[in-house]
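Only one structure is covered here, and it is reproduced in the block below.
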Amino acid sequence: MNKTINISFMTDEALETLRENSDRVSEYIKENKFDSSWIQEIYSGKIYDIKKEKINDFELKISLNDNYKEVEFDNAIILYESLKDLPRCIITDERFWAWINLNKCYKVTTQAMPIKSSSTFNNMWLFTQGKRRGIFFGANSRLYFWTELTVDDELLEDKYLYTRFVFENHERIRQLTWRANSNNKHIVLNAVKAEKKLYDKYANNLEYMDAFNKCERGVGTRNIYTVISKYLSLYGSVRVLDVISDEDLQNIIYNKLEEILFEVQKNNMEIFNM
């Protein structure tokens with residue numbers, strides 16, 4: 001039988017103290033990659049509140065090669081399976097993820113999101129930019145929610161087929177979740193399904209392989225996924241995407257993706273400026 005543990009929230013006072021001392025916190029994290037007891041040197045009060053909700057205990061993986069990409073997908077699945085039954089009010093709470101990042105999964109978080117500046121801590125360990133952006137910026141929270149949005153329980157052989165696809169290239173979902181429809185599984189999952197359909201048809205097609213690679217690389221910060229994300233936002237501003245069937249929504253998105261690919265095939269890189 002799996003061991004169960006109580007979840008915890010970081011206290012409001014501890015959270016705000018860390019936020020207000022992000023430069024100092026960042027230095028502590030860089031110097032202490034395996035132990036977060038240094039928090040007591042910044043805040044001497046109560047750090048965590050233990051809650052009544054329980055989960056099966058879990059442990060995330062660390063890359064022995066210091067290449068987090070090797071274990072990222074596995075950790076996303078572990079997080080999702082371990083936390084998916086928690087109430088929404090918990091799974092979207094910054095204080096819960098502060099406990100995950102700075103206590104429960106601290107060693108993994110230091111590898112997943114190494115501190116490069118004080119903004120790294122504020123933006124990717126805490127929800128400083130707000131709940132919605134914080135969820136999809138967070139070192140561990142984004143793994144959970146990317147998985148939640150792409151798991152397909154109807155695929156009995158591999159319900160994480162589309163999850164694996166987006167973790168192979170973050171742009172395939174990151175651009176979708178930075179925009180207004182980020183919490184809508186109907187839209188995100190069907191967009192990812194359309195992206196994979198395009199990938200399966202053209203990524204290894206000798207005639208289109210180069211154009212497909214250019215679509216994924218893009219120009220500057222723009223690529224095929226930034227274009228489709230913007231297109232969906234504009235499309236959704238005049239139509240209710242929620243009521244469009246899965247098949248129709250996938251076709252709408254796929255047709256636009258293919259249109260972009262064909263333009264790049266003709267060397268029209270201006271398509272990324274849409």
Side-chain angles (χ1 to χ4, degrees), residues 7-10 14-39 41-43 47-48 58-83 90-150 163-164 166-178 182 221 225:
I7 68 160
S8 293
F9 277 15
M10 179 171 279
L15 185 63
E16 290 309 310
T17 300
L18 295 184
R19 196 192 311 277
E20 291 168 2
N21 292 274
S22 59
D23 287 337
R24 190 177 172 196
V25 168
S26 297
E27 290 305 312
Y28 271 113
I29 293 173
K30 286 189 283 188
E31 294 170 4
N32 300 273
K33 294 185 177 181
F34 303 106
D35 180 9
S36 62
S37 60
W38 52 263
I39 294 176
E41 298 184 30
I42 294 180
Y43 181 71
I47 299 174
Y48 299 106
F58 68 93
E59 185 173 349
L60 298 184
K61 299 180 180 180
I62 291 178
S63 168
L64 298 179
N65 300 313
D66 200 26
N67 177 13
Y68 188 66
K69 188 72 175 175
E70 294 178 342
V71 299
E72 183 180 53
F73 171 73
D74 289 342
N75 282 348
I77 304 307
I78 293 170
L79 277 169
Y80 176 73
E81 290 292 341
S82 301
L83 307 178
I90 290 177
I91 209 67
T92 59
D93 198 300
E94 178 183 26
R95 296 167 297 175
F96 170 74
W97 289 106
W99 169 67
I100 292 286
N101 294 341
L102 286 152
N103 183 276
K104 175 62 180 165
C105 303
Y106 177 75
K107 290 185 291 186
V108 175
T109 311
T110 61
Q111 185 178 79
M113 198 61 65
I115 299 295
K116 297 180 180 179
S117 68
S118 59
S119 65
T120 302
F121 176 74
N122 278 339
N123 293 338
M124 296 177 178
W125 289 59
L126 304 181
F127 288 5
T128 303
Q129 295 193 35
K131 178 187 290 187
R132 180 178 163 274
R133 289 183 68 83
I135 281 172
F136 292 106
F137 269 77
N140 291 301
S141 58
R142 69 177 182 175
L143 301 194
Y144 174 86
F145 284 97
W146 284 352
T147 305
E148 182 184 79
L149 288 169
T150 55
T163 308
R164 186 178 294 103
V166 299
F167 274 96
E168 290 170 356
N169 182 342
H170 289 177
E171 287 293 288
R172 294 167 182 166
I173 191 167
R174 178 161 50 199
Q175 297 300 332
L176 293 169
T177 58
W178 280 354
S182 62
T221 60
Y225 304 117

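When a residue number appears, it is its place in the shown sequence, counting from 1.
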Provide the full list of salt bridge (charged side-chain N to carboxylate O under 4.0 Å, His left out) pairs with a residue in residues 134-148, sequence neighbours left out, each pair given once.
-> R88-E148

If we only count heavy atoms from C-beta on, is the [X] to [Y] side-chain gap below 4.5 Å?
X	Y	answer
L18	I39	yes
H170	E72	yes
W38	S36	yes
I90	I7	yes

W97 and N101: side chain donor to acceptor below 3.5 Å |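 Distance-only check fails for W97 and N101.
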
Are a donor atom and an acceptor atom from the side chains of N140 and T109 found within less than 3.5 Å of each other?
-> yes

Relative to Y68, does K61 satisfy both conditions: NZ or CZ under 6.0 angstrom from the six-membered ring centre, and within 45 degrees of the ring's axis?
-> no

Whether the side chain of [X] engages the backbone of [Y] through a donor-acceptor N/O pair (distance < 3.5 Å, no angle test) should be reported.
X	Y	answer
N103	W99	no
E94	F127	yes
N65	N67	no
K104	F58	yes

Aromatic ring proximity F167/W146, centre distance under 6.0 Å = yes

Atom pair CZ (F121) and CD1 (I115), whose distance is rounded to the nearest 0.5 Å = 7.0 Å

What do you reckon, is NZ of K33 surrounded by more than 12 foreign heavy atoms closer than 6.0 Å?
-> no

